[in-house]
Every structure is written in C-alpha cells, then in structure tokens.
Amino acid sequence: MASLCLSLHQTLNPLASPKARPLAFSFPRSTVSIRPLPKRTTSVTTHASYTPTPATERVISIASYALPFFNSLQYGRFLFAQYPRLAVLVEPIFPILNLYRSVPYASFVAFFGLYLGVVRNTSFSRYVRFNAMQAVTLDVLLAVPVLLTRILDPGQGGGFGMKAMMWGHTGVFVFSFMCFIYGVVSCIVGKTPYIPFVADAAGRQL
C-alpha cells in the first residue's frame, strides 16, 4: 500500500522527477579569416611632358617662310596700285627686302641654301626641316605663274586677258601672304603649320 501511494505521488508530481538537461550544441570555430578589402586606387594616365620648341628652331622656321613671301611681292603690284593703303602692311620689311634684292642672284642662293643647308641637313630637327621644305615647295609653286605669263603673254592683247592676269597675280599674292602669316604665327607659338596643297608634298620629301 505504501509503495502504491509513492508511485502515484511521483506520477502526479512531475517536478519531483530529475530535471532534464538542456541540449548543448557546440559549433566549430570558423577558420576563414575575413580580410579588409584593399583600397581602390584610380590610375591616372599622364601624358608625356610637353617639350617646347627651342627658340632657335622657331627663328630658322620663320626665316624660311620669308623666302617665298619676298618672291611673291611681285604678284601684288596690281593690288598695291589699286589700293595704295595696303602697301603700309609691307613697309616695315622694306629695309630687309632691299637688302635681299641687293645681293646678286639672292633668290637662287637662298633657295639652294635653304634646301641643301636645312632640308637635307639631318642635324636639324624634323620641325625645322619640314618648315623649310614647305617654304621651298611654296617658292617653286610661285614660279609657275611667272612662266605661264611669259609663255602666254596675256597682257599683250589687253581686255579680258589683262584682267585675268591681274586677278591671277592678286590671288597668288593673297595666298602667299596668308601662308606667310600662318607659318610665322604657328612658328612663334611652337606649332607646326600645315599649308594646303603644300604640306603633303613637303612631307614626302623628308
């Protein structure tokens, strides 16, 4: 009877039974090490440092363009006769022009001196040689109108032939004057001028 009461008491009172131990789970430590991301570095492409053109090369290049300009002044006589005020633009170079024309065969001496002494002289940089070759090529082209005038002689009959010669000579002088200004300004700032119809022919000769 006593044993029956004891078993019944344990059944009705669950707290008397031994406490159940909670389940314990152990996780292994992670062996993966998390490293900080490297800082992103932006790569900036730096261009090669600009090397300015030496002053001596600029001066030689400017002097080269004086050759075709001096030889083209003869084509401007009709323009100066019609507009005398335009002659003021070239008055500052009259002393140099008179000195240039006082030398016998100055045009031929300057032409071959520029071609043989500068263009074909590899001791000069390509910048100087290219500008000199453009001046030489332009000077050769300026000789074509003179030859055509002497062969055709359009001014002999007067009328339209004379007007055509005046327009042609004026156009040649204006083109030569613009090439001279363009070449001089470009050389002053250290850039390479590319004269239309002349630069390609000059580049092939170097």
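Numbers here simply count residues along the sequence, with the first being 1. Given the structure is predicted, the values throughout are model-derived calculations rather than measurements.
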- Task: Return the minimal non-hydrogen interatomic distance between R120 and Q205, and the atom names on each side.
- Result: NH1-O, 3.3 Å
- Note on the structure: Closest non-hydrogen contact found for L142 with P68 is CD1-O, 3.1 Å
- Report the distance from atom OH of Y115 to atom CZ of R129, rounding to the nearest 0.5 Å. 10.0 Å
- Task: Ignoring hydrogens and angles, tell me if any N or O in the side chain of N131 forms a donor-acceptor pair with the backbone of Y127 under 3.5 Å.
- Result: yes
- Mind checking whether V136 and F112 have side chains closer than 4.5 Å, heavy atoms only? no
- Is W167 reachable from L86 through a run of I, L, V, M, F, W or Y residues, each pair having side-chain heavy atoms under 4.5 Å apart? no
- Answer yes if L89 and F94 sit in the same cluster of Ile, Leu, Val, Met, Phe, Trp and Tyr residues linked by side chain heavy atoms under 4.5 Å apart, and no otherwise. yes
- Query: Does V59 share a hydrophobic cluster with I93, counting links as ILVMFWY side-chain heavy atoms below 4.5 Å and allowing steps through other members?
  - Reply: no
- Shortest non-hydrogen contact between S102 and L99, atoms and distance: OG-O, 2.6 Å
- Item | Spatial distance of atom OH (Y100) from atom CG (L67) [nearest 0.5 Å] | 5.0 Å
- Task: Following the transitive rule for hydrophobic clusters with a side-chain heavy-atom cut-off under 4.5 Å over Ile, Leu, Val, Met, Phe, Trp and Tyr, establish whether M133 and L116 coincide in one cluster.
- Result: yes
- Are side-chain heavy atoms of V184 and F69 found at a separation under 4.5 Å? no
- Query: How long is the span from the OG1 atom in T170 to the CZ atom in F177, to the nearest 0.5 Å?
  - Reply: 14.0 Å
- Task: Verify the neighbour count for atom CZ of R101: are there more than 12 heavy atoms of other residues, nucleotides or ligands below 6.0 Å?
- Result: no
- Note on the structure: When every non-hydrogen atom of V109 is compared with those of P104, the smallest separation belongs to CG2-O, 4.4 Å
- Taking the six-membered ring for Trp, are H169 and Y75 parallel (under 30°), tilted (30 to 60°) or perpendicular (over 60°)? perpendicular
- Spacing of T192 atom OG1 and Q134 atom CD [to the nearest 0.5 Å]: 8.5 Å
- Message: Please list all pairs meeting side-chain hydrogen bond (donor to acceptor under 3.5 Å, both in side chains) that have one or both residues in residues 175-186, counting only residues at least two apart or in different chains.
- Response: S72-S176
- D200 side, atom CG; T137 side, atom OG1 - distance, nearest 0.5 Å: 10.5 Å
- Between F180 and Y65, does the ring centre distance come in under 6.0 Å? no
- Task: Check whether any side-chain heavy atom of T149 lies under 4.5 Å from a side-chain heavy atom of M165, and answer yes or no.
- Result: yes
- Mark yes or no for whether R77, through its side chain, and Q74, through its backbone, hold a donor-acceptor pair below 3.5 Å. yes
- Query: Taking C-beta and beyond as the side chain, do F80 and R85 meet within less than 4.5 Å on heavy atoms?
  - Reply: no
- Heavy-atom nearest pair, R58 first then T53, reads NE-O, 3.0 Å
- Query: With a 4.5 Å limit on heavy-atom distance, are the side chains of Y194 and F130 in contact?
  - Reply: yes
- Does one hydrophobic cluster hold both F70 and V140, with members joined at side-chain heavy-atom distances below 4.5 Å? yes
- Side chain proximity check, F111 to N71, heavy atoms < 4.5 angstrom: no
- Task: Mind checking the SG-CD1 spacing from C187 to I62? Nearest 0.5 Å is all I need.
- Result: 5.5 Å
- Determine the minimum heavy-atom distance between F124 and V128, stating which atoms define it. CD2-CG1, 4.1 Å
- Task: Go through the steps to decide whether F173 and M178 satisfy the test side chain to side chain contact (heavy atoms under 4.5 Å, CB included), and finish with yes or no.
- Result: CA-CA 9 Å; F173 172 74; M178 293 178 64; over 6 Å; no
- Hey, does L114 have a side-chain heavy atom less than 4.5 Å from the side chain of D139? no
- Output yes when a side-chain donor or acceptor of E57 lies under 3.5 Å from a complementary backbone atom of G190, and no otherwise. no
- OH of Y83: more than 12 outside heavy atoms within 6.0 angstrom? no
